[in-house]
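For reference, the structure is listed below as structure tokens.
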Amino acid sequence: MTHKTPGSPTWDLSMRSHQLWTTMADNLQEQGLDPMVELGWKKTGSLLVGRTRAESDMLKVRAKQLSEAGLIAEYLSSSDLSKREPDLLVDKDTSAAFLPDDCQLDAHRTVAYIEKGNRNFASKGRYAEFYDDPVKCFIRSEDSNGGVEAVQTSKTTLYSKKAIIVAAGCWTGSLMKDLFRNWGMEFHVPVRPRKGHLLALQNFNSLQLNHGLMEAGYVDHPSISGLESSDHGRDLSVSMTATIDAAGNLLIGSSREFVGFNTDLDESVISHIWKRVGEYFPKLRSLSLSDLSESRKVRIGLRPYMPDGKPVIGPVPGLSNVYLAAGHEGGGLSMALGTAEMVVDVVLGRPGNVDSAPFVVDRGVE
């Protein structure tokens, strides 16, 4: 939560999701299960680190805002920060906003846990999985309410009485466009793929890390100036993030760039990430990426980007029972439970814990 801004359009959704994730972790403990094992859940605390006087002033304001919004937050001066993170390069202008109760999740473990839980409903006919079975079209109902009665895939027809929810990440826009084209209509959701690289170093013991860290620039992810690229629409940005995951691996990043649906490894981006993290942790400067070839893995993915920074969550205009839930960019996992709850509330027409109005589909549709 340390890089979230109180009062922003996604703040309430982020806070509600934070509460739901915490409740899930508590429930696992009550069942005798370990949230660390099941979800990769770690109460690490988080630090948003600034290195200039301007960033220091911003972090003072942010710590105050987070505290007033109901979180335990404090501003750390350079001396306090160096005690908490000895390996972090700290000079007189370095400071941080600190959330001691902030937690982190492991995406792979969390998804595996949720899928396992869902399968408990399969025997009751309430859950089924279909892999490698692309959606081909919607089947419109014959009545006049503008509904969709089924989804036609390459192998089967899936009927739905209550709701069809399209949660296809950065593919949501192209999928909906194709589905509407089948009816001779146009429908455009401006969600775009924003590629990201994350470097994972397995069993890495050369760096002591006590919290989850990210630089202050992560909030707005400024583009790299003077980037050696002929693709001027790329807008590559790299901000320092560093965490230790549940398996003890060092995860460092992160990058964002617009290169369509390309998910190929780009070594130049990894070099930018390594250089950036080395500016914060001097111990890493003596190591080269070639020395780490056996222990490193690179995770590459596509974040679903929306131009106004807000996901689209709610009904599709003109279709009485079709809903979207997409466009969370880098906050998809952290906002997942709040989003799921919001979708259910909208479908069932009941008051929600979070106002869904800022996320209506109409605002992002052309």
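In what follows, every heavy atom counts, from backbone to side chain, and hydrogens, waters and symmetry copies are set aside. This is a predicted model, so every value here is computed, not measured.
Within the 4.5 Å cutoff, the side chain of Phe258 has no heavy atoms near those of the Leu236 side chain. A 4.5 Å side-chain heavy-atom check between Lys92 and Arg53 finds at least one atom pair inside the cut-off. No side-chain heavy atom of Leu81 sits under 4.5 Å from any side-chain heavy atom of Tyr75. Using a 4.5 Å heavy-atom threshold, the side chains of Leu302 and Trp171 count as touching. At a threshold of 4.5 Å between non-hydrogen side-chain atoms, the residues Arg299 and His197 do not count as touching. In this structure, the side chains of Met24 and Tyr113 come closer than 4.5 Å at one or more pairs of heavy atoms. Between Thr110 and Trp41 there is no side-chain heavy-atom pair separated by less than 4.5 Å. You'll find the side chain of Met36 stays beyond 4.5 Å of the side chain of Asp106, heavy atoms only.
Look at Lys155 and Asp133 and you find no salt bridge, because none of the NZ, NE, NH1 or NH2 atoms lies under 4.0 Å from a carboxylate O. A salt bridge does not link Lys161 to Glu149: none of the charged side-chain nitrogens sits closer than 4.0 Å to a carboxylate oxygen. Between Asp93 and Arg51 no salt bridge is recorded (no basic side-chain N to carboxylate O distance below 4.0 Å). A salt bridge does not link Lys116 to Glu129: none of the charged nitrogens lies less than 4.0 Å from a carboxylate oxygen. Electrostatic pairing of Glu341 and Arg16 counts as a salt bridge here, judged by a charged N lying under 4.0 Å from a carboxylate O. Contact check on Glu279 versus Lys275 returns no salt bridge, with no Lys/Arg side-chain nitrogen under 4.0 Å from an Asp/Glu carboxylate oxygen.
Between the side chain of Trp11 and the backbone N or O of Lys4, no donor-acceptor pair lies under 3.5 Å. In this structure, the side chain of Lys64 does not engage the main chain of Ala73 through any donor-acceptor pair within 3.5 Å. A donor-acceptor pair under 3.5 Å is formed between the side chain of Ser160 and the backbone N or O of Ala163. Ser17 places a side-chain N or O within donor-acceptor distance of the main-chain N or O of Met335, the cut-off being under 3.5 Å. At distances below 3.5 Å, at least one donor-acceptor pair connects side-chain atoms of Lys310 with backbone N or O atoms of Pro358.
Open room surrounds CZ on Arg126; 12 or fewer heavy atoms of other groups in view lie less than 6.0 Å from it. A 6.0 Å sphere centred on CG of Asp132 holds no more than 12 heavy atoms belonging to other residues, nucleotides or ligands. The 12-atom threshold is not exceeded at CD1 of Ile72, counting heavy atoms of other residues, nucleotides or ligands nearer than 6.0 Å.
Donor-acceptor pairing under 3.5 Å is recorded for the side chains of Thr157 and Gln152. With 3.5 Å as the limit, one finds a donor-acceptor pair spanning the side chains of Arg62 and Thr5. The closest side-chain donor-acceptor pair between Asp26 and Thr23, if any, does not fall under 3.5 angstrom.
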Given the rule in the salt bridge (Lys or Arg N to Asp or Glu O under 4.0 Å) test, do Glu215 and Arg276 qualify, once you have shown the distances and angles that lead to the verdict?
CA-CA 10 Å; Glu215 66 169 286; Arg276 188 64 177 169; 2.7 Å; yes
Determine whether Arg109 and Glu38 satisfy the following criterion, salt bridge (Lys or Arg N to Asp or Glu O under 4.0 Å), listing intermediate values before the conclusion.
CA-CA 6 Å; Arg109 295 191 186 197; Glu38 304 296 336; over 6 Å; no
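Proximity of the aromatic rings of Phe138 and Phe180 is defined here by a centroid distance below 6.0 angstrom, and this criterion is not met.
Between Gly309 and Thr10 the shortest heavy-atom distance is O-CG2, 3.9 Å.
For the side chain to side chain contact (heavy atoms under 4.5 Å, CB included) with Phe187, the qualifying choice from Asp178, Leu179, Val361, Leu319 is Val361, the only one to do so. Screening Leu213, Thr243, Asp102 for a side chain to side chain contact (heavy atoms under 4.5 Å, CB included) involving Ser46 leaves a single residue, Asp102.
Under the 4.5 Å side-chain heavy-atom criterion for grouping Ile, Leu, Val, Met, Phe, Trp and Tyr, Val135 is connected to Val316 within one hydrophobic cluster. Hydrophobic clustering (side-chain heavy atoms under 4.5 Å, transitive across Ile, Leu, Val, Met, Phe, Trp, Tyr) keeps Leu289 apart from Leu198.
For the pair Arg192 and Phe261, the cation does not sit on the ring face, since its NZ or CZ is not both under 6.0 Å from the ring centre and inside 45° of the axis.
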